[in-house]
Amino acid sequence: MAHDSIQLPCGGDGACMRCKVTPPTEETLTCSICAAPWHVGCLASKPETLASTLQWHCPDCSGDPLLPPSVATDGSSSELFVAIKAIEADESLTEKEKARKRQELVSGRVEEDGGNGKGESSVLDVLDESLNCSFCMQLPDRPVTTPCGHNFCLKCFQKWIGQGKRTCAKCRSTVPPKMASQPRINSTLVSVIRMAKLSKSNAAAGPLKVFHFIHNQDRPDKAFTTERAQKAGKANAASGKIFVTVPPDHFGPITAENDPDRNQGVLVGECWEDRLECRQWGAHLPHVAGIAGQSNYGAQSVALSGGYEDDEDHGEWFLYTGSGGRDLSGNKRTNKEQSFDQKFEKMNEALRVSCKKGYPVRVVRSHKEKRSSYAPEKGVRYDGVYRIEKCWRKVGIQGFKVCRYLFVRCDNEPAPWTSDEHGDQPRPLPAISELKKATDIFERKESPSWDFDEEGSRWKWKKAPPPSKKPANAADLKEGKRTRKAIRHSRKLSTRERLLKVGNKKQ
DNA sequence: GGGCCCGCAGGG
DNA sequence: CCCTGCGGGCCC
């Protein structure tokens, strides 16, 4: 082997910059400090034991090519490295699984097993954070606890000791000889993990699935502006914390179970200052768009703010126009002029799905709905649940085709603009003749898909209950996207910085 | 009150 | 990544 005075790592293409050959994985060493890959064959000095490869420092980082591998200075990166090596060494995993686990490690995100664990247990999350075995990154199997308070699987720990190590793999404290020779399983921890796992599986099977927005806890209680938002005020604000625990694709009312803060749910008639605040209570999540939905799944909510002239609002029922058909190029973000036909696609299709399936749609009204007497005086108000009785396309008053929807109120709470004359009784629907007159093509076909139960006080699904599961892939995609976005966002401005910024603004 | 402009959020 | 979106503040 030629020993040039300059040692070089592998380049971006994976090829060794010295011999130009792309070494196989087993001939590649990754520096535990800078994570750069190096071709073992071209190294002047190689680590001698498996253990020392785990904490190997490259010539660039060690500053001395002959320096023997020593205690890592950067605990986190070396832990990551150890964990990745552990994954790679695990023969029970396929290459695909290994790749996924590595990805999870690097991204700091652990996917829920089987895809059915979306009702994640916060208890277990906390455990995941603090109790994981530093070697395999899983909840420890037969956990042993060092005097310094770190937990490992018995097997992982024994393997480590077998390599001649006498320090804690997490904090580098010395492991007492007695513990090294005879590690004891921490039985308290065993039962804690068992209980947590049990509660997790119960939560996954139970009817109450609580969903937490990723990184939601990092958000302040009020809307905030980021560094990039240049003007003061809320025009460019990012929204604050979401207070309710319903998933973004939750249909129907938001009940007390999903309102941990107040334990009352979002009440019909509840008002907020603006769309950003409305979003925080989950009634309508998009802070500009009028329709919340997914074209292959349904629409969860709409916002009325009087954007279309031929919309009609009669309180108990109203006509709604779909989105699109307007030229929004340049900065005309809210151009009112139609310039082409709307089609049943994207959000319009989402509304159509909700119509066909009979899903309930939450409705919020904004004070901007100037032509309507049902609009709130100011801010945004939650007006309960409607169903879309019919949807169709017609030529709008601007000469282009628009998607139209007939919304009919079907909430068992009284509307905010009425006295509760019906008490606990189901609220009667608007007279069909009245609707027919207004829509001129309205015809009622079948009975609605959902209704109230015998007592008239609870939801009951007659035909098409709202999907209990999230749409395949779509939800996962969404979570993944959020995560990636959150990561990107946190790079731009850390949570701490953001909070500080909000704090400064208040002063 | 209308136009302009900004950036966030999320679907696709 | 790109595009869209019934916000919201500010300036005229």
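Numbers restart at 1 for each chain; the letters A, B, ... are given by sequence-line order, proteins then strands.
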**Request:** Using whole Å, report how far CG of A:Asn296 lies from C1' of B:dG12.
**Result:** 10 Å

**Request:** Would you mind reading off the distance between A:Lys343 atom NZ and C:dT4 atom P, rounded to a whole angstrom?
**Result:** 13 Å

**Request:** Indicate yes or no: at least one non-hydrogen side-chain atom of A:Ser301 is less than 4.5 angstrom from one of A:Val364.
**Result:** no

**Request:** Without swapping roles, check the side chain of A:Arg393 against the backbone of A:Gln342 for a donor-acceptor pair under 3.5 Å.
**Result:** yes

**Request:** Measure the acute angle between the ring planes of A:Phe251 and A:Tyr297, then classify it against the limits of 30° and 60° as parallel, tilted or perpendicular.
**Result:** tilted

**Message:** On DNA chain B, does the nearest nucleotide to A:Ala237 precede the nearest nucleotide to A:Met347 from the 5' side, or the other way round? Give the residue.
**Reply:** A:Ala237

**Request:** Provide, to the nearest angstrom, the distance between the CZ atom belonging to A:Arg219 and the P atom belonging to B:dC8.
**Result:** 11 Å

**Asked** Should A:Asn348 and A:Lys343 count as side-chain neighbours, where that means a heavy-atom distance under 4.5 Å?
**Response** no

**Prompt:** Between A:Asp311 and A:Thr321, is any side-chain donor less than 3.5 angstrom from a side-chain acceptor?
**Reply:** yes

**Message:** Could you write out DNA chain C as dot-bracket? Rules: Watson-Crick or G-U wobble, both distances under 3.5 Å, brackets [ ] for crossings, | for pairs with another strand, dot for unpaired.
**Reply:** |||||.||||||

**Prompt:** Of A:Glu316, A:His314, A:Arg387, which is the lone residue that meets side chain to side chain contact (heavy atoms under 4.5 Å, CB included) with A:Arg409?
**Reply:** A:Glu316

**Request:** Starting at atom NZ of A:Lys346, determine the distance to atom C1' of C:dC2, rounded to an integer number of angstrom.
**Result:** 10 Å

**Request:** Ignoring hydrogens and angles, state whether a donor on the side chain of A:Tyr308 or A:Arg404 is under 3.5 Å from an acceptor on the partner side chain.
**Result:** no

**Prompt:** A:Glu345 CD to B:dG10 P: how many Å, rounded?
**Reply:** 21 Å

**Asked** How long is the line joining CG of A:Asp249 and P of B:dA9, in whole Å?
**Response** 18 Å

**Request:** Using the salt bridge (charged side-chain N to carboxylate O under 4.0 Å, His left out) rule, pick out the option among A:Lys234, A:Arg279, A:Lys222 that qualifies with A:Asp274.
**Result:** A:Lys234

**Prompt:** Along nucleotides 5-12 of chain C, 5' to 3', which nucleotides get a B, which get an S, and which get a -, given that the test is a protein heavy-atom distance under 4.0 Å?
**Reply:** BBBBS---

**Prompt:** So, do A:Tyr386 and A:Phe318 have ring centers that fall under 6.0 Å from each other?
**Reply:** yes

**Prompt:** In whole angstrom, what separates A:Glu277's CD from B:dC8's C1'?
**Reply:** 17 Å

